[in-house]
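We use all heavy atoms of the structure for the numbers below, so side chains are in, but hydrogens, waters and symmetry mates are not. In this chain, numbering begins with 1 at the start of the sequence shown.
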Amino acid sequence: MAATLRRFHGLRLLKSAPALSLQQAKNLSSAGSWASGNKKLIGALGAITGGVGALIYALEQSVQASGGEVHSPAQPWSHRGLFDALDHQSVRRGYEVYKQVCSACHSMQYIAYRNLVGVTHTEAEAKAEAEQITVKDGPDDTGNYYTRPGKLSDYFPSPYPNEEAARAANNGAYPPDLSYIVSARKGGEDYIFSLLTGYHDAPAGVVLREGQYFNPYFPGGAISMAQVLYNEVIEYEDGTPPTQSQLAKDVATFLKWTSEPEHDDRKQLLIKVIGILGFLTVISYYIKRHKWSSLKSRKIVFVPKEK
């Protein structure tokens with residue numbers, strides 16, 4: 001053994017480490033103390049961040065609990081699943097509800113008739129829907145404005161020319177645009193469904209002004225929009241019984257689509273991502289198990305030549 005060590009030392013494979021100076025020792029000590037202090041700082045920041053997050057969550061829950069409105073119950077929507085698409089028949093019926101009921105007061109200025117193609121209508125059907133409206137266009141070659149039938153590139157018309165006219169027609173209340181209403185309201189489509197089906201007589205002690213109605217799902221309970229959905233208020237083209245709950249469900253699904261037109265594409269992309277990640281996981285395991293493991297576990301041994 002001693003002879004082997006002498007040979008290693010003769011080949012300078014074993015070298016003694018140089019002695020550390022006092023300054024180097026101080027530097028190593030300060031570096032270790034800095035690392036320890038840095039860990040404490042990161043831990044303190046993590047604790048503060050967690051505490052602030054918990055405080056914000058508690059405040060949000062307390063504000064929700066102290067509100068005067070009833071929270072919307074979760075409904076069993078067919079598109080709630082991780083891989084479930086929207087019910088496009090329901091979306092089409094919801095468009096009928098919007099067209100015949102909601103469009104009298106609410107606009108959808110960010111939705112064009114071309115958006116219906118391939119989702120609820122064929123191209124010919126969407127063109128026929130667009131041609132039912134009249135659009136002011138121009139100027140023409142003589143500098144005059146003119147009216148023309150709508151086309152696919154036109155957006156849904158607004159029922160009022162401006163906000164002042166909308167408020168004047170609704171006792172000072174401004175009907176919101178419905179293009180992204182599901183994404184803009186807490187509860188999403190659950191809130192829309194509950195609001196449309198939640199009208200009741202005002203309980204004792206609740207005073208409503210003229211032109212207001214009681215709805216426990218609306219903040220404050222007093223809403224300027226009257227109940228608009230009743231059984232058989234419209235007739236569906238496909239013969240579905242137009243009950244109040246069916247009408248509310250269909251228009252809520254339609255508004256879900258207008259708020260998230262990429263809904264189905266996003267879930268299709270998720271399926272592709274999961275498939276690709278699963279394939280890559282299998283390949284990675286194979287490489288780790290059969291290729292990399294031999295490299296990781298190999299041993300390099302120096303065997304000196306015999307003299």
Q: For side chain to side chain contact (heavy atoms under 4.5 Å, CB included), just list the numbers for Ile274 and Phe83, CA-CA rounded to whole Å, side-chain angles, deciding distance to a tenth of an Å, and then say yes or no.
A: CA-CA 11 Å; Ile274 291 177; Phe83 305 111; 3.7 Å; yes
Q: Could you check whether any side-chain N or O of Asn215 sits under 3.5 Å from a backbone N or O of Leu195, counting only pairs where one atom can act as donor and the other as acceptor?
A: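 Yes; judged by distance alone, with no hydrogens or angles, the pair exists.
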Q: Under the criterion side chain to side chain contact (heavy atoms under 4.5 Å, CB included), I'd like the reasoning laid out for Asn170 against Cys105: C-alpha separation, chi angles, the key distance, then a yes or no.
A: CA-CA 9 Å; Asn170 293 276; Cys105 298; 4.1 Å; yes
Q: So does Asn144 get a backbone contact from the side chain of Asp140, meaning a donor-acceptor N/O pair under 3.5 Å?
A: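 Such a contact is found between Asp140 side chain and Asn144 backbone.
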Q: According to a 4.5 Å side-chain heavy-atom criterion applied to Ile, Leu, Val, Met, Phe, Trp and Tyr, with indirect links allowed, do Phe218 and Tyr213 form part of one hydrophobic cluster?
A: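 In one cluster: yes.
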Q: Taking the six-membered ring of Tyr145 as reference, does the cationic atom of Lys136 (NZ for Lys, CZ for Arg) lie under 6.0 Å from its centre and within 45° of its axis?
A: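 Relative to the ring axis of Tyr145, which defines the angle, Lys136 lies inside both limits.
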Q: Do Gln109 and Tyr155 make a side-chain contact, defined as non-hydrogen atoms from C-beta onward lying under 4.5 Å apart?
A: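 No, their side chains stay 4.5 Å or more apart.
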Q: Pairs of donor and acceptor atoms involving the side chains of residues 284-291, under 3.5 Å and at least two apart or interchain, shall be tabulated with distances.
A:
{"unit_1": "Ser284", "atom_1": "OG", "unit_2": "Leu280", "atom_2": "O", "d": "2.7"}

Q: Would you mind reporting whether His200 and Pro216 have side-chain heavy atoms less than 4.5 Å apart?
A: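 With C-beta onward as the side chain, the pair touches.
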Q: For atom OH of Tyr160, decide whether the heavy atoms of other residues, nucleotides or ligands shown that lie under 6.0 angstrom number more than 12.
A: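 Atom OH in Tyr160 is packed in, count exceeds 12.
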Q: Which pair of heavy atoms, one from Tyr199 and one from Ala226, lies closest together, and at what distance?
A: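 Nearest pair, atom of Tyr199 first, then Ala226: OH-O, 3.5 Å.
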Q: Mind checking the CD-OG spacing from Glu189 to Ser183? Nearest 0.5 Å is all I need.
A: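 The distance works out to 9.0 Å.
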Q: Determine whether the aromatic ring centres of Tyr113 and His121 lie less than 6.0 Å apart.
A: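 That pair fails the under 6.0 Å test.
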Q: Could you tell me whether the side chain of Ile192 reaches within less than 4.5 Å of the side chain of Val182, counting heavy atoms only?
A: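 In short, these two side chains touch, coming nearer than 4.5 Å.
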Q: Regarding Tyr236 and Asp250, do their side chains bring together a donor and an acceptor under 3.5 Å, going by distance alone?
A: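 On atom types as modelled, these side chains qualify, holding a pair under 3.5 Å.
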Q: Just by distance, do the side chain of Tyr180 and the backbone of Asp177 share a donor-acceptor pair under 3.5 Å?
A: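 Here the side-chain-to-backbone pair does not exist.
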Q: For Glu232, I'd like to know if atom CD has over 12 heavy atoms of other residues, nucleotides or ligands within 6.0 Å.
A: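 Not more than 12 within 6.0 Å, no.
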Q: Hey, could you give me the OG1/CD1 distance between Thr147 and Ile133, rounded to the nearest 0.5 Å?
A: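 Atom-to-atom, Thr147:OG1 and Ile133:CD1 are 12.0 Å apart.
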Q: To the nearest 0.5 Å, how far apart are CZ in Arg114 and CD1 in Ile111?
A: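 Between Arg114 CZ and Ile111 CD1, I get 10.0 Å after rounding to 0.5 Å.
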Q: Could you tell me whether the side chain of Ile223 reaches within less than 4.5 Å of the side chain of Gln212, counting heavy atoms only?
A: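 Answer no - side chains too far apart.
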Q: Strictly below 4.0 Å, N to O, side chains only: are Lys249 and Asp87 in salt-bridge contact?
A: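 A salt bridge is present here (some side-chain N lies under 4.0 Å from a carboxylate O).
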Q: Strictly below 4.0 Å, N to O, side chains only: are Glu260 and Arg266 in salt-bridge contact?
A: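 Salt bridge present between Glu260 and Arg266.
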Q: Between the side chains of Glu129 and Lys99, is the shortest nitrogen-to-carboxylate-oxygen separation below 4.0 Å, so that they form an ion pair?
A: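 So Lys99 pairs with Glu129 through a salt bridge.
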Q: Below 30° counts as parallel, above 60° as perpendicular, anything between as tilted: where do the rings of His263 and His79 land?
A: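 Ring orientation of His263 relative to His79: perpendicular.
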Q: To the nearest 0.5 angstrom, please state how far the NE2 atom of His106 sits from the CG atom of Leu255.
A: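 So the NE2 of His106 and the CG of Leu255 are separated by 9.5 Å.
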Q: Taking 4.0 angstrom as the limit, do Lys151 and Glu131 come out as a salt bridge?
A: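 Result for this pair is no, no salt bridge flagged.
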Q: Grab the two heavy atoms, one from Phe193 and one from Ser245, that are nearest each other, plus how far apart they are.
A: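 Heavy atoms only, the tightest pair is CE1-O, 3.4 Å.
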Q: Pro242 and Leu247: which non-hydrogen atoms are nearest, and at how many Å?
A: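 So the two residues come closest at O-CD1, 3.8 Å.
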Q: Drop me the distance from Ile234's CD1 to Arg93's CZ, to the nearest 0.5 angstrom.
A: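 Rounded to the nearest 0.5 Å, the CD1-CZ separation comes to 10.5 Å.
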Q: Nearest 0.5 Å, please: how far is OG in Ser194 from OH in Tyr217?
A: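 Those atoms lie 4.5 Å apart.
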Q: When you check the side-chain N and O atoms of His88 and Asp264, is any donor under 3.5 Å from an acceptor?
A: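 Distance-only check passes for His88 and Asp264.
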Q: Charged N to carboxylate O under 4.0 angstrom, Lys267 versus Glu262?
A: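 The answer is no: the pair does not qualify as a salt bridge.
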Q: Side-chain contact test, heavy atoms from C-beta onward, threshold under 4.5 Å: evaluate it for Leu116 versus Trp257 and give yes or no.
A: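 With C-beta onward as the side chain, the pair touches.
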Q: Might you confirm whether atom CD of Gln75 has over 12 heavy atoms from other residues, nucleotides or ligands at distances under 6.0 Å?
A: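 More than 12 heavy atoms, drawn from other residues, nucleotides or ligands, come within 6.0 Å of this atom.
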Q: Are Leu229 and Phe214 connected in the hydrophobic side-chain network, where two residues link if heavy atoms are under 4.5 Å apart?
A: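 No, Leu229 does not connect to Phe214 through the hydrophobic network.
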Q: Leu178 and Cys102: which non-hydrogen atoms are nearest, and at how many Å?
A: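 Smallest heavy-atom distance, with atoms named: CD1-CB, 4.3 Å.
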Q: Would you say Val97 ends up clustered with Val119 if hydrophobic residues are merged whenever their side chains have heavy atoms under 4.5 Å apart, either directly or through other cluster members?
A: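 Same hydrophobic cluster.
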Q: So, are Asp154 and Arg148 salt-bridged, with charged N and O less than 4.0 Å apart?
A: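 Yes.
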